[in-house]
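Chain A is the first sequence line, chain B the second, and so forth, proteins listed ahead of strands; every chain is numbered from 1.
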Amino acid sequence: MSDTNTPDTAPATPRFSDFGLAPEIQRALSDQGYTIPTPIQAQAIPVVLQGRDVMGAAQTGTGKTAGFSLPMIQQLLAHASTSMSPARHPVRGLILTPTRELAVQVAENVAAYSRHTPLRSCVVFGGMDMKPQTEALRRGVEIVIATPGRLLDHVEQKNVNLGQVQMLVMDEADRMLDMGFLPDLQRIINLLPKKRQNLMFSATFSGEIKKLANSFLTDPVTIEVARSNATADRVTQVVYKVGEEDKRDVVAHLIRKHELKQVIVFSNTKIGASRLARSLEQDGIKALAIHGDRTQQERMAALDAFKKGEIEVLVATDVAARGLDISDLPCVINYDLPYNAEDYVHRIGRTGRAGASGDAMSIYTDSDERLLVDIEKLIKQTITRGQLEGFEPPRRSRDASDRGERRRGRSDEVRADRSGGFDRGERPERSERPDRSERSDRGERRPAPLRREKVDPWFLKPYEPTQPAEPKAEQTVAPRSAIKAGKRPVAALLGGLPKA
DNA sequence: AAAAAAC
């Protein structure tokens with residue numbers, strides 16, 4: 001009788017060694033010092049190894065990346081080729097993510113877990129030169145991690161063939177829907193073999209997500225861990241009511257007072273994020289902004305500097321609310337309350353991870369009261385109203401000029417936000433890091449693009465029930481114009497694309 | 001109302 005014998009009702013804590021993973025994978029895990037799987041890993045790995053489709057409700061920080069990539073590597077290892085020939089390395093595992101940063105992080109994990117195996121992987125995303133990605137794809141890879149748009153680009157250029165994909169992972173599926181990726185997802189799925197294993201992960205379990213799961217997954221096993229506000233239980237939350245004109249100074253005050261060395265500050269707008277980062281720098285706090293108007297290089301440099309501790313503050317839009325795996329963050333600050341209450345949960349989910357405690361401080365103004373009520377309704381708790389101790393609003397009304405550019409910039413803010421950028425010489429000269437809109441990669445100036453022309457694919461909503469149509473057998477790519485021009489409702493897109 | 005993602 002072994003001493004590990006335990007009753008069925010109380011199974012022993014599983015270990016990675018219990019899953020029957022290949023020795024090469026186990027070696028990679030011990031390289032990283034991992035022995036005990038997280039709850040989602042313990043649930044997902046055996047199910048995926050059985051070949052079942054999975055609908056996983058899990059936030060980032062629960063370890064879901066390993067939850068799908070470990071069994072994926074194991075499955076693909078079964079027919080792994082050691083040949084150098086690209087033809088012997090068809091893409092068999094495909095992982096789709098909503099943001100570029102998330103794609104990079106997932107790819108880093110996959111590379112680490114597969115390092116002792118002959119499997120090759122690469123990451124493919126927009127904002128970067130196609131060429132290195134093309135070369136990697138042409139050399140032959142078993143696993144591709146991609147954002148949808150760039151992947152389709154590569155497919156159209158025949159850099160990659162998805163006709164042999166056995167496993168598809170849709171990470172942060174809810175986010176992909178929010179971002180209007182459904183048509184792209186549909187087009188990608190039409191390129192895959194009908195017989196394949198599908199894994200879908202989502203932080204939320206909305207009706208739309210269920211519909212998506214119904215149309216893309218076959219008899220899925222549902223795995224659910226840590227409901228969305230469970231994360232918040234370990235996070236101490238506090239809100240401070242402040243005057244609109246004091247917001248930036250209050251952020252600087254909070255950072256100094258709590259001696260924060262690693263904090264993400266969330267802003268609702270790109271321009272607000274850039275301005276706040278600049279303002280903090282002027283106050284002697286090392287900060288960089290990360291948002292969608294910065295070049296990919298700038299985004300990666302900011303993230304890198306933050307992870308290395310070279311800067312104390314990462315000022316981010318919701319590009320970083322989900323997915324970014326920045327571990328051990330003791331604190332996040334909301335410079336703006338998010339318009340979407342669910343985003344609040346995602347933002348504060350950056351802290352209090354993996355059992356650690358965390359702090360989430362938010363500042364809000366009179367006009368944000370309703371947002372605060374919505375948030376409290378969602379998380380089903382009242383957030384402590386904090387008193388700002390020791391904060392002295394600077395006397396700025398008497399002589400604004402001695403406070404420099406940023407005071408003057410404030411009156412420009414509304415105009416700049418409305419016009420989508422500084423396109424009439426309103427930019428403060430002091431900026432050392434001009435926005436990408438003003439600069440080409442070669443460094444010369446060019447006019448800012450007219451952002452107003454960007455249109456959200458709002459017409460893809462609302463979601464309507466659908467009868468899934470026959471999946472198409474052909475491997476051709478429907479032109480995107482067919483989707484854009486059609487303005488078809490989501491239901492129609494789920495039912496298959498129009499013939500080109 | 002805003003953000004993200006392909007050129």
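Here the nucleotide nearest the side chain of A/T269, chosen from B/dA4, B/dA5, B/dA2, is B/dA2. When the nucleotides B/dA4, B/dA5, B/dA1 are ranked by their closest atom to the side chain of A/T147, B/dA5 comes out on top.
Between A/N268 and A/R299, the one whose closest nucleotide on DNA chain B sits nearer the 5' end is A/N268.
A/N340 places its CG atom 14 Å from the C1' atom of B/dA4, with the value rounded to the nearest Å. Atoms CG (A/L96) and P (B/dA6) sit 11 Å apart, rounded to a whole Å. For the pair A/H291 NE2 and B/dA1 P, the interatomic distance rounds to 21 Å; values are reported in whole Å. Rounded to an integer number of Å, the gap from A/M179 CE to B/dA1 P is 20 Å. The distance from atom CD1 of A/I188 to atom P of B/dA5 is 15 Å, rounded to the nearest whole Å. Between the C1' atom of B/dA5 and the CD atom of A/Q296 lies a distance of 10 Å, rounded to the nearest Å. To the nearest angstrom, P of B/dA5 lies 22 Å from CD of A/Q186. Spacing between atom CG of A/D336 and atom P of B/dA2 amounts to 11 Å, rounded to whole angstrom units.
Distances shown here put every side-chain N or O of A/R175 at or beyond 4.0 Å from the OP1 or OP2 atom of B/dA4. The shortest distance between the side-chain N/O atoms of A/T99 and the OP1/OP2 oxygens of B/dA5 is not below 4.0 Å.
Listed by chain and residue number, nothing satisfies the ring-ring contact (aromatic ring centres under 6.0 Å, His included) test with A/F125 (two or more places apart in sequence, or in another chain). With sequence neighbours left out, A/H253 forms a ring-ring contact (aromatic ring centres under 6.0 Å, His included) with A/F391.
Taking a 6.0 Å sphere around CD of A/E369, one finds it holds more than 12 heavy atoms contributed by other residues, nucleotides or ligands.
Classification of A/D366 and A/K241 as a salt-bridged pair holds, one side-chain N sitting under 4.0 Å from a carboxylate O.
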